[in-house]
Structures are given as structure tokens and as C-alpha cells.
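First the structure, in the form of C-alpha cells, and then the observations on it.
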There are 2 protein chains.
Amino acid sequence: METGRSLIDAVRERCGRCSGRSLSICNVIDDQDLPALVAASSRVVFPSGRCFIQEGAPAHDFYVLTGGRAKLFTLMPDGRRQIVGFAELGDFLGLTSSETYAFTAEALGDVTLCRFPHSAIDRLVERFPRLRGRLQKEASSELVKMQSRLMVLGRKTARERLASFLVEQASPCCGHHALHDEREPLTLPLPMSRTDIADYLGLTIETVSRTFGLFRKEGLISVKGASSVTLLEPGVLSDMANGIKRD
Amino acid sequence: METGRSLIDAVRERCGRCSGRSLSICNVIDDQDLPALVAASSRVVFPSGRCFIQEGAPAHDFYVLTGGRAKLFTLMPDGRRQIVGFAELGDFLGLTSSETYAFTAEALGDVTLCRFPHSAIDRLVERFPRLRGRLQKEASSELVKMQSRLMVLGRKTARERLASFLVEQASPCCGHHALHDEREPLTLPLPMSRTDIADYLGLTIETVSRTFGLFRKEGLISVKGASSVTLLEPGVLSDMANGIKRD
DNA sequence: CCCATCAATTGATCTAAATCAATCTTCTAC
DNA sequence: GTAGAAGATTGATTTAGATCAATTGATGGG
């Protein structure tokens, strides 16, 4: 919460050059109203591996992710883990129907976020009614993604799951902008570990590794050092992800 | 869309005695404003087996379920099916971020719904701003349910999945009202087929049937004619659903 | 630069659940 | 009531992916 001169600087510094501005819920706020946004929020930075939202903890704040990426997961008492999503630029975290967070969020590499206390959001919504609609749209869009994840976990094979994951990673944030070109190679950074991918896809680390190996042998991808993949046949992978057989 | 005298009758007939009134989004509308609700919507009834929302079709309407139950599912091109949820009294269907429905909805037994064209909802939201918040809460709560379904499909065993399903069916609609009593038997109607349960839990019909058989042998449930179960040990089932071992 | 540590790969074996295959119920229509 | 059809159960066998077990390859501190 900044005031006076420093607030104007903060606006210029924070929202003005924020790479999440056009993607996040902030895109329903006009430039001249940005000071209200800055006043309502504070910027926070977390180092790799830090859990900044704890499943079950009282939910006091919303977050907009403005840099880096995060993994969102839930745990069972015996340690089984399900990653429910990866958050990226512009994603909105902390929507929950109850008084507590439904998942833990952990920084994948360093992460920067804008934190909005619930009370501040309420005030913002009152002042900018469009924000409420934007929040609902965000929730609905997440809901649609969840439905396709259920299909991945409930009905797809290991190959189809990994293909779904790669194709999903290839469509940057805002979604269903189809793959640029059927045959155009596409290189992706993979900031998450094989264990994370396994816990996202409901597989074991060994199966993920083996399936990467198969895709490599089949000329569908090439791998550089475990944290970067190139999709050599995006069209084939996309069809595989959707359960469509070619010939 | 009724008018004049018939509208008042319709209000008394429709919302006044609607069993979904207190559960659905309609509970943010005061009694004296009900006519606006009735005017904005139409009541529709579908027979068992009818698909009243089609995955991929243009999304023109929202629905509030006011009687019966429905299954919501998505299909893969080869016919694999994932049920993404069962809708019951008061549930709100048709929230989507895109211009098309994300799932198919099919009546499980006869179903009655209130249908709201998108345009009508927009007008209602303008007139009753609280409605927007209610819609968002609905979406958020569905999101939380989805996260626990991901854990079911991604990480739980067949026994844990079926236990999760039974416990979920036992907590009527509004959720986490814990099971009445650890040891109090609880009888549930199961309007869905074994195939539906299998497609909801990411299992085959045979595995569902076998697991029912095991639970029966272990004295955890008793089954009356495939469409009714009694939970004899709700506490044990609940622990099993959450992956907690007893003794 | 090299060792220690942790992540990823690869191989051998096992198993939970799928698939294949009969029955056995339940319900409906006549 | 009875025949037919659909759904559910139960059994035998197979298999995709898990588990167990080394090895190999990265990464970072001294």
C-alpha cells in the first residue's frame, strides 16, 4: 500500500510495465485507474521451491502471477500428490468457495505475484463492476480446463497423457490458439521436473521418462537436458492427445 | 416468458414452491423480485435419457436444475467417455468461457430445469448485482470439487475411488456437511448405472461391480437392486476415500 | 576441477485393473 | 406369467503401467 508521490512511481513501475497486464484480470481496468489497483495490492517475490499458498490455510489473499511459474497441488495423508495445475503469466490464484485454500502453490523457479487481500478485492469490485464479470470468466475458463484434465486422468493412455501435456504447454496461456503449424517444430521450456509431470498426469516418473524416450525414438520430439523439448511433429502429437489415430 | 395475470400465477407456481429455490442461484433474489426471474426464464422438462446440452453446440442458455438429476460428460472420438459430474437440485449448468458448451448433459430419469437465455441473465445481473457474485461463487465451488476429482482419477485406487463416490453421494448437494454419524447406516438412491459410475471414476464396469461386491462382503455396504445402497460403515468408507488406513 | 547429491533414464519383475467371456438378474413388453 | 433385452455379476486371462533396482547424467559447492 503506497501513497502520494511513491504511488505514482509504483504505478509506473508495477502495472505500467507489467507483463501480465494484458492477460490477467487487470485488463478490465483502464490506465487512469491503475493507481487504485496498485494501492489495493502489493508485489511479492518468492524463491524457487517456496510454498506461498498452503492447502487448508485460511484464504486471506488473491494472487495474480506476474512472473515465473508455479505448480498447484493437493496431497493425501500418505504423501500421494496430485498437481491440479501449473500457473503462468496472468493467472489468478486463490479463488475458493470456502474460507481456506484448496491447494498448495509452490514456486517453480523464482516467482513474482501481485497480492490482493480479499477486502481489497471487494472494494475494487465495487468500484469497477466489470471486474466481477472478469473474475467469473476466469473461473469458468478454469472449469473448462479442469473438465479436459478429468478426461486425461480418467480415460487416456500414458502416451495420450504426455501428448496432451506437451500440446497444452505449447499453447501459451490464453489457450486454444491452435498449434502454429502442423509440421513446424516448436521448442518449449519445461520448468517442472519429471516428478511434477508424473504427478500432473497421474503416472509414475518412470513411465513419464519411458514415454519421453519412445516419443524421441519415434521422431516426435527432441529433448535438450530434461528442461527443454522440441515438438517435431506437433500435428501428430495433437492428434494423439485427442485420441485420433493416423493411418 | 409469461405476462400479466398469468405471470403472477406462474411465479406462485414456479419459484414459490420450487424446491431448488433455496439452493440455487435464485436464493439471492428477494421474494418480491421473483417475477423478474420468472419472466427471464422458462421451465423445461426432459425425459430420461434425453441430452439437453450438447458438447460443442453453441451455448445460448444457462440452466438451473429444479428436479431429478443429470449426468455431464465428454466423449473422445473413439467413444471413450468421462463423466465430469452429476448435477442435482439447485445446480447451475452451462457456465462456459467459450461460445460452446464444454460437455453433454443427459437426463438421469426425468428432469426439470429453468432455462435462462444468456441475454436474460445479462439483464438480471444488471438489475441484481448480487447475482454476479453468486455465479462466481458457484463457479469457484465447482472448481474446488473438480480439484478433488483430479485426485480421485489421478492417484486413488479402485477401492478409494468407489468409497469417494459413495461418500460424495452421501453428502447431499451443498457439500461438506460431514457424514451424520460415523456408524449410522445411511441409505442412498443411485439413479446412475454401473457404467455411469465407471465412467465417472475412470474404471471399467467390471471393476466397479467387483468392488461393490468386496464392500458388501466386508460389511461396509448393503445393496438393494443395483439402484440403492446402504452405507453400513460411513466412517470407514470416508477414511478409505481419503486414503486413511484404520489399525 | 572434482566429488557429492539429486534427477533422469533404463531394465527386470510384479500387479491392479482391463479385457475377454459366460452367466445371472432385473425390468419391460406382450 | 413369460420371453426378450439390457444391465449387473462373476470368473479366467492379459496387459499397461507400477514397483523395484541399478546406472547414468546433470548440477552445484568446495
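Order of the sequence lines sets the chain letters (A, B, ...), proteins ahead of strands, with each chain counted from 1. What you are looking at is a predicted structure, and each value in this text was computed from that prediction instead of being measured.
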Which residues share a side chain to side chain contact (heavy atoms under 4.5 Å, CB included) with A:P47, sequence neighbours left out: A:R50, A:D110
Salt bridge (charged side-chain N to carboxylate O under 4.0 Å, His left out) pairs, two or more places apart, involving residues 227-240 of chain A: A:R183-A:E233, A:D239-A:R246
Evaluation steps, side-chain contact (heavy atoms from CB on, under 4.5 Å), between A:D199 and A:F73: CA-CA 9 Å; A:D199 285 346; A:F73 60 89; over 6 Å; no
Value rounded to 0.5 Å, distance of NZ in A:K156 from CD in A:E160: 6.5 Å
From CA spacing to verdict: side-chain contact (heavy atoms from CB on, under 4.5 Å), B:F215, B:L166: CA-CA 11 Å; B:F215 284 1; B:L166 291 173; 4.2 Å; yes
Nearest-angstrom distance from the residue atom CG of A:L108 to P of C:dA7: 13 Å
Members of residues 204-220 of chain B that approach DNA chain D, where some heavy atom sits under 4.0 Å away: B:E206, B:S209, B:R210, B:R216
Donor-acceptor pair, side chain of A:D78 and main chain of A:R80, under 3.5 angstrom: yes
Distance, rounded to the nearest Å, where A:M192 contributes CE and C:dA7 contributes C1': 16 Å
Nearest-Å distance for atom pair CZ/P, residues B:R194 and D:dA6: 19 Å
side-chain contact (heavy atoms from CB on, under 4.5 Å) between A:I197 and A:Y200, intermediate numbers included: CA-CA 5 Å; A:I197 298 174; A:Y200 182 58; 5.5 Å; no
Interatomic distance where NZ belongs to A:K224 and P belongs to C:dA8 [whole Å]: 17 Å
Residues which pass side chain to side chain contact (heavy atoms under 4.5 Å, CB included) with B:A105, listed by chain and number, not counting sequence neighbours: B:F52, B:I53, B:L72, B:F103
Of residues 153-164 of chain A, the positions that come close to DNA chain C - non-hydrogen atoms, cut-off under 4.0 Å: none
Atom-to-atom span, CG of B:D196 to P of D:dA6 - whole angstrom: 16 Å
Worked verdict on B:E142 versus B:F92 for side-chain contact (heavy atoms from CB on, under 4.5 Å): CA-CA 10 Å; B:E142 192 59 29; B:F92 192 70; over 6 Å; no
Interatomic spacing from CZ in A:F46 to SG in A:C51 - rounded to 0.5 Å: 10.5 Å
Rounded distance (Å) that lies between atom P of C:dT26 and atom CG of B:L190: 15 Å
Rounded (10°) bend between the five-pair end axes of the helix from C:dC1-D:dG30 to C:dC30-D:dG1: 50°
Reported CG-to-OG1 distance for the pair B:L75 and B:T104, which is rounded to 0.5 angstrom: 6.0 Å
